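Only one structure is covered here, and it is reproduced in the block below.
Side chains are part of it too, since the values below use all heavy atoms of this structure and drop only hydrogens, waters and symmetry mates. The structure displayed is predicted, hence computed values, not measured ones.
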Amino acid sequence: FKTQQLGEFLASISPAAMLAHDYVELNQYVEQLASHEEILYAVVTDPQGRPLTTFLDTNKPAVWRASERHGRWQVAAIMDELGRLPESEVFRFPVVFNDQALGSVHIGLSMAGIDTLVLDAVARQVLINLAIVALLGLALYAVFRFSVLRQVEQLTRGAERAAAGDLNHEIVVYSQD
């Protein structure tokens with residue numbers, strides 16, 4: 001899953017910036033990660049859970065409402081609220097250097113976009129299956145029409161001629177069965 005890979009990658013490259021207290025670089029990492037459409041937020045915290053750098057995508061309505069309700073700098077409260085939403089998924093990745101915990105990467109993922117993609121894929125698959133069924137139906141109709149119904153029609157015409165008194169008309173049978 002893409003979020004898992006992105007989170008693990010950010011956790012693996014964060015120690016250098018954290019140890020150097022280079023929060024500008026750390027912030028650049030977080031902003032690049034959070035540029036993905038389905039990401040609601042990305043936060044790197046210290047071992048005590050205090051944010052070192054934060055990206056909240058306030059263009060997304062849920063993030064905007066949470067940041068308005070709690071205030072932009074109440075990151076823990078915003079993360080908590082967003083994590084309780086049914087359409088969100090929260091991921092946490094430890095940042096470790098030489099077996100020492102330096103903090104964590106927290107990623108909030110919106111499942112709404114993923115649900116939309118899944119629904120689109122299912123709808124597309126249903127349409128493809130319907131098209132296949134329709135084509136198979138047409139093919140079966142054509143085979144039935146030209147192999148079976150043609151002979152039935154010839155028999156019907158022959159029976160109608162016989163009923164009309166034409167007993168000299170011959171009905172040709174093309175089948176061996």
Q.
Please give me the minimum heavy-atom distance between Ala101 and Pro47, naming the atom from each residue.
A. O-CG, 3.6 Å
**Q.** Closest heavy-atom pair and its distance - Ala11, Val95
**A.** O-CG1, 3.8 Å
**Q.** Residues that, via side-chain heavy atoms closer than 4.5 angstrom, fall in one hydrophobic cluster with Val63
**A.** Leu40, Tyr41, Val43, Leu56, Val75, Ile78, Met79, Leu82, Leu85, Val90
Q: Indicate if Ile128 and Leu136 have the same hydrophobic cluster label, given that clusters are the connected sets of ILVMFWY residues with side-chain heavy-atom separations under 4.5 angstrom.
A: yes
Q. Distance from Gln5 atom CD to Leu10 atom CG, nearest 0.5 Å?
A. 13.5 Å
**Q.** Point-to-point distance, once rounded to the nearest 0.5 Å, from CZ of Phe97 to OG of Ser12
**A.** 12.5 Å
Q. When rounded to the nearest 0.5 angstrom, what distance separates NE2 in His21 from CG in Leu52?
A. 9.5 Å
**Q.** Asp46 side chain to Gln48 backbone, donor-acceptor under 3.5 Å
**A.** yes
Q. Taking all atoms of both residues into account, what is the closest heavy-atom pair of Glu8 and Gln4, and its distance?
A. OE2-NE2, 2.7 Å
(Q) Quick check on side chain to side chain donor-acceptor pair (under 3.5 Å): which of Arg69, Arg65, Gln74 does Glu81 satisfy it with? (A) Arg69
Q | Matching residue for Thr45 among His106, Arg92, Arg50 - test: side chain to side chain contact (heavy atoms under 4.5 Å, CB included) | A | His106
Q: For the residue pair Leu6 and Phe9, establish whether any side-chain heavy-atom pair is separated by less than 4.5 Å.
A: no
Q. Which atoms form the tightest heavy-atom contact between Ile13 and Tyr29, and what is the distance?
A. O-CE1, 3.7 Å
Q: Answer with yes or no whether the hydrophobic clustering places Leu127 together with Leu135; edges join I, L, V, M, F, W, Y residues whose side-chain heavy atoms lie under 4.5 Å apart.
A: no
Q: Apply side-chain contact (heavy atoms from CB on, under 4.5 Å) to the pair Tyr23 and Val44, showing each step before the final yes or no.
A: CA-CA 10 Å; Tyr23 300 113; Val44 177; over 6 Å; no
Q: Compute whether any side-chain donor of one residue and acceptor of the other, for Gln32 and Gln28, lie under 3.5 angstrom apart.
A: no
Q | Ile107 side chain reached by Ile39 side chain, heavy atoms, under 4.5 Å | A | yes
(Q) Please determine whether side-chain contact (heavy atoms from CB on, under 4.5 Å) holds for the pair Val30 and Thr54, giving the CA-CA distance in whole Å, both sets of side-chain angles, and the decisive distance to 0.1 Å. (A) CA-CA 7 Å; Val30 169; Thr54 302; over 6 Å; no
Q | salt bridge (Lys or Arg N to Asp or Glu O under 4.0 Å) between Arg124 and Asp120, intermediate numbers included | A | CA-CA 6 Å; Arg124 191 171 30 260; Asp120 288 347; 5.8 Å; no
Q | Value rounded to 0.5 Å, distance of CH2 in Trp64 from CZ in Arg72 | A | 12.5 Å
